[in-house]
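Residue numbers begin at 1 in each chain, while the letters A, B, ... track the order of the sequences. Everything numeric here is computed off the predicted structure, so don't read it as measured data.
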Amino acid sequence: MPGRARPLPRAFYRRETTHVARELLNKVLRMPDGRAGRIVEVEAYCAGVDPAAHTYRGQTARNATMFGEPGHMYVYFTYGMHWCANAVAWHGVPGAGVLIRALEPLRGLPAMYEARGGVSERLLCSGPARLTQALGITGAQDGADLVRGDGPRILDDGTPPPLHPVSTPRVGIRVGTDRLWRWYVPANPHVSAARVQSVQE
DNA sequence: GTTTCGATTGTG
DNA sequence: ACAATCGAAACC
């Protein structure tokens with residue numbers, strides 16, 4: 001990691017979700033035990049107008065963190081087995097955040113391999129549920145303060161976001177596919193391979 | 001109360 | 001192409 005990693009200010013997350021998403025590229029997600037990875041792929045889930053967002057139909061027990069303070073982590077459970085992590089980020093209308101979809105592993109790789117069970121480095125953190133498994137993130141960290149907490153933090157190590165991030169539709173959703181709210185670092189090998197979804201009539 | 005389905009992944 | 005696997009959301 002070039003430079004010394006420093007926390008992002010709370011105000012960083014109090015901006016438009018799509019803007020925060022792009023700015024989160026190349027930031028560092030670091031766990032208390034030292035496991036860390038560079039964020040290379042994100043998706044924005046916006047408030048009010050976004051039918052793909054968990055918060056689209058209002059606040060529930062599951063998504064309550066998204067309606068809380070920006071800069072905290074929203075962790076949800078899906079497909080009966082997977083955890084996914086978001087950075088809460090919104091301005092004005094609450095209930096929005098940024099899904100972290102892939103990391104480039106930086107530190108603590110042995111612990112990541114142990115948690116993931118013998119996969120290649122390219123597959124270690126290249127997917128929203130792969131990276132939570134590699135870092136040990138579960139629902140226990142839902143609501144964690146990414147700015148000031150003792151748990152997971154998002155840090156700036158001086159690496160700027162890419163000047164021209166690649167923009168695509170989001171992965172794994174059936175509504176809101178017209179919005180190009182997925183971004184990734186161009187040519188980074190740790191970006192997840194978005195599968196082609198078969199559409200049945 | 002009951003049913004459906006998911007911001008996914010690994011395997012065949 | 002399909003199963004795994006379970007809680008939240010949706011529906012009645």
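- Rounding to the nearest 0.5 angstrom, the gap separating the CG atom in Asp178(A) from the CZ atom in Arg170(A) is 8.0 Å.
- Remark: P of dT8(B) and CG of Leu123(A) are 16 Å apart, rounded to the nearest angstrom.
- A close approach under 4.0 Å does occur between a side-chain nitrogen or oxygen of Arg116(A) and OP1 or OP2 of dG10(B).
- Under the 3.5 Å distance criterion, the side-chain polar atoms of Asp156(A) are left unmatched by any main-chain donor or acceptor of Leu8(A).
- Contact between the side-chain N/O atoms of Arg101(A) and the OP1/OP2 oxygens of dT8(B) is found at a separation under 4.0 Å.
- Asp150(A) CG: 12 or fewer foreign heavy atoms inside a 6.0 Å radius.
- No more than 12 heavy atoms of other residues, nucleotides or ligands sit less than 6.0 Å from atom CD of Glu114(A).
- Rounding to the nearest 0.5 Å gives a distance of 14.5 Å between OH of Tyr56(A) and CG of Asn63(A).
- Listed here is the closest heavy atom pair of Ala134(A) and Ala115(A): O-CB, 4.0 Å.
- For the residue pair Tyr74(A)/His54(A), the side-chain donor-acceptor check at 3.5 Å is satisfied.
- One cannot find a donor-acceptor pair under 3.5 Å joining the base of dA8(C) and the side-chain atoms of Tyr76(A).
- When the options Val98(A), Val28(A), Ile154(A), Asn26(A) are evaluated for a side chain to side chain contact (heavy atoms under 4.5 Å, CB included) with Ile39(A), the one that passes is Ile154(A).
- With the 3.5 Å cutoff on both pairing distances, Watson-Crick and G-U pairs in DNA chain C assemble into runs of at least 3 at B:1-6 with C:6-11, B:8-11 with C:1-4.
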What N/O pairs connect the protein and nucleotides 4-7 of chain C at under 3.5 Å? Give each pair on its own line.
unit_1, atom_1, unit_2, atom_2, d
dT5(C), O2, Tyr79(A), O, 2.4

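- Taking a 4.0 Å limit (strictly below) on heavy-atom distances, residues 51-74 of chain A reaches DNA chain B at Ala52(A), His54(A), Met66(A).
- Taking the centre of each ring, Phe77(A) and His82(A) stay at or above the 6.0 Å mark.
- Nucleic acid contact class of Arg182(A) (heavy atoms, under 4.0 Å, all strands): none.
- Between Trp83(A) and Thr78(A), the closest side-chain pair of non-hydrogen atoms is not below 4.5 Å.
- With respect to the salt-bridge test (charged N to carboxylate O, under 4.0 angstrom), the residues Arg116(A) and Glu121(A) do not qualify.
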